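What follows is a single structure, written as structure tokens, with notes after it.
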Amino acid sequence: MTVTASSPSSAPVATAGTDRHAAATLAAAVLGFFVITLDATIVNVALPSIRSALGGGITGLQWVVDGYTLMFAALLLSAGALSDRIGARKAFAGGLVLFVVASLACGLAPSLPALVAARVVQGIGAAVTMPTSMALVRHAFPDPARRARAVGVWAMGGAIAAAAGPVLGGVLSLASWRMIFFINLPVGLLTLALLARSPKSPTRPAPFDWIGQVTGILAMGGLTFGAIEAGEAGFTAPKVLLSLAVAVVALAAFVLAQAKGAHPMVPLSLFRSKTVVIVTGIGFAFMVGFYGLPFVFSLDFQQQHGLSALGAGIAFLPMMLLSACLTPFSARIVERTGPRLPVIAGLALIAAGSVALALVPGSAPVWVSALLLVPVGLAGPLVMPPATALLLEHVPAEQTGTASGVFNTSRQIGGALAVAVFGALISGTAGFQHGLRLSLALAAAVALGAALAATRMAAARRGN
């Protein structure tokens, strides 16, 4: 994307052209991130409507969420490597087309198994789109200062989707729950039109690591499947123990393959950077709270307090709307304070909000929980934009897709495990409220652990 001017008079034209390409690329990346995040958040409030129409218990509803999230997490590593090999632009387009087609299949699904299958395909498309959207931003904005601001704009796509998702899901569910999937079609087509105006991305040809991908899928699939099934069968059930054992063995095989392979999907040299390690852990911890809490409170608002899908969406509005409003100021905050302080503050807000929510009695009105969810929402713009900018700053440009895949894999594993474990807890024999409080305690503990790790991030930022 670098343009060399042959004369002083040609420089402004070249710069303007580059800026136009960068703007189109950023717009496509923002919309791609938007539609993927929207599809995750919009589904939660529609779960009771889906169950009424298609049947299924809590486990079936978990698979509507985790079928998407599982494939998203399992394939992010491979998608990141694919982005570096064939170019972010081409990979982004392919992933988005698959996502849009799968969204259509979700909206037309005649049964719960068909919906779950379509959600799995959606997850594959989302897995390719997410890391490539970050790579597109990295390539379009090589200057660190401009890139940090661009990442803040990119993060707004997710923040706005998170804010709009619950309410939009409730509104669309009044007509039909199928509309929450059909809405992805026009957004996806607009994104592809913008992508057509962006330049080709750099490539790094290398053989594909099939062993790493297969073992990675087995590891994350076994872990999430075991956690979900434990909700009904218990953690000592043979199928749960078997799936967890498969996860452990596959994880060991994955690490060995990456250490010994000639062309590893995830070069272990990436983890020599303290920044990469810390940011990866922060992404996991953040999603446990930011993704897991809306899942359990969506069920709490509707099943325990009798709200409609629209009412539950409105209850989430203060949390998500304030998060979206703060996001544009994230880059300015980081410029004044550095990344360490806002990240720690955001994780502390998740922990404090989780503890406060755990102390609320089950008989309390919904508005109390809605207000106490606000600190969790404010954590989003304080944690994710600076963490993302740090990651992109501390990895080589040719490994941006791979690093983005690692980061987003950690985030999605956190979200998937939160839904799986929290769902198992609230459906346990001890009762919904007991499981809800245990879920909140776990979210608080994970956030505090990540906040402690983030205290070392200032030192990590000075070098790789």
Side-chain angles (χ1 to χ4, degrees), residues 30-56 60-69 72 96 99-112 114-123 125-126 129 156-191 290-291 293-303 305-321 323-324 366 370 373 377 415 419:
V30 168
L31 281 178
F33 188 27
F34 171 88
V35 75
I36 290 171
T37 305
L38 181 71
D39 201 76
T41 60
I42 203 173
V43 170
N44 282 332
V45 296
L47 292 177
S49 299
I50 292 172
R51 181 167 60 182
S52 297
L54 302 180
L61 294 181
Q62 283 177 293
W63 276 111
V64 171
V65 177
D66 270 334
Y68 175 86
T69 309
F72 196 1
L96 192 61
F99 179 86
V100 169
V101 172
S103 296
L104 178 62
C106 286
L108 298 174
S111 64
L112 190 63
L115 176 60
V116 172
R119 288 283 285 169
V120 168
V121 179
Q122 258 194 325
T129 305
M156 282 186 63
I160 293 172
V167 176
L168 187 58
V171 171
L172 294 176
S173 293
L174 294 176
S176 171
W177 61 267
R178 299 179 187 276
M179 294 299 297
I180 67 175
F181 298 109
F182 289 146
I183 196 174
N184 294 337
L185 275 63
V187 179
L189 292 176
L190 176 59
T191 305
F290 201 77
Y291 196 82
L293 267 59
F295 171 76
V296 293
F297 276 99
S298 176
L299 296 176
D300 177 65
F301 291 157
Q302 295 180 74
Q303 295 182 6
H305 291 86
L307 295 185
S308 65
L310 177 58
I314 293 173
F316 284 114
L317 190 58
M319 167 190 176
M320 299 302 187
L321 190 59
S323 173
V366 169
L373 280 167
V419 170

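Worth saying up front: this structure is predicted, and the values here are computed from it rather than measured.
- Between L115 and F181 there is a side-chain heavy-atom pair separated by less than 4.5 Å.
- Atom CZ in F34 sits 10.5 Å away from atom CG in L190 (nearest 0.5 Å).
- Between V120 and Y68 the shortest side-chain heavy-atom distance does not fall below 4.5 Å.
- Nearest heavy-atom pair across I183 and V187 is O-CG2, 3.6 Å.
- Residues satisfying the side chain to side chain contact (heavy atoms under 4.5 Å, CB included) criterion with I314, sequence neighbours excluded, are L310.
- Taking all atoms of both residues into account, the shortest heavy-atom contact from S173 to G169 is OG-O, 2.6 Å.
- Annotation: side chain to side chain contact (heavy atoms under 4.5 Å, CB included) contacts of L189 (sequence neighbours excluded): none.
- Note that CG of L54 and CG of L112 are 6.0 Å apart. Values are rounded to the nearest 0.5 Å.
- Not a single donor-acceptor pair under 3.5 Å links the side chain of Q122 to the backbone N or O of A118.
- Qualifying ring-ring contact (aromatic ring centres under 6.0 Å, His included) partners for F33, counting only residues two or more places apart in sequence or in other chains: W154.
- Note that CZ of R51 and CD of Q302 are 9.5 Å apart. Values are rounded to the nearest 0.5 Å.
- The side-chain heavy atoms of L168 and I180, taken from C-beta on, include no pair separated by under 4.5 Å.
- Partners of F301 according to the ring-ring contact (aromatic ring centres under 6.0 Å, His included) rule, which considers only residues two or more places apart in sequence or in another chain, are F297, F316.
- For T129, the side chain to side chain contact (heavy atoms under 4.5 Å, CB included) criterion is met by I36, F92, L96, not counting sequence neighbours.
- In this structure a side-chain-to-backbone donor-acceptor pair under 3.5 Å is missing from R119 to G67.
- Judged as a side chain to side chain donor-acceptor pair (under 3.5 Å), the pairs with a partner in residues 174-189 (not counting sequence neighbours) are, in order, D39-N184, S103-N184.
- Atom CG of L172 is separated from atom CD1 of I42 by 5.0 Å, given to the nearest 0.5 angstrom.
- In this structure, M319 and L293 have side chains that are not in contact, with every pair of non-hydrogen atoms separated by 4.5 Å or more.
- Scored by the side chain to side chain contact (heavy atoms under 4.5 Å, CB included) test, Y291 finds A40, V65, T69, M287, V419 as partners (sequence neighbours excluded).
- Residues V121 and F99 form no side-chain contact, since every pair of their non-hydrogen atoms from C-beta on lies 4.5 Å or further apart.
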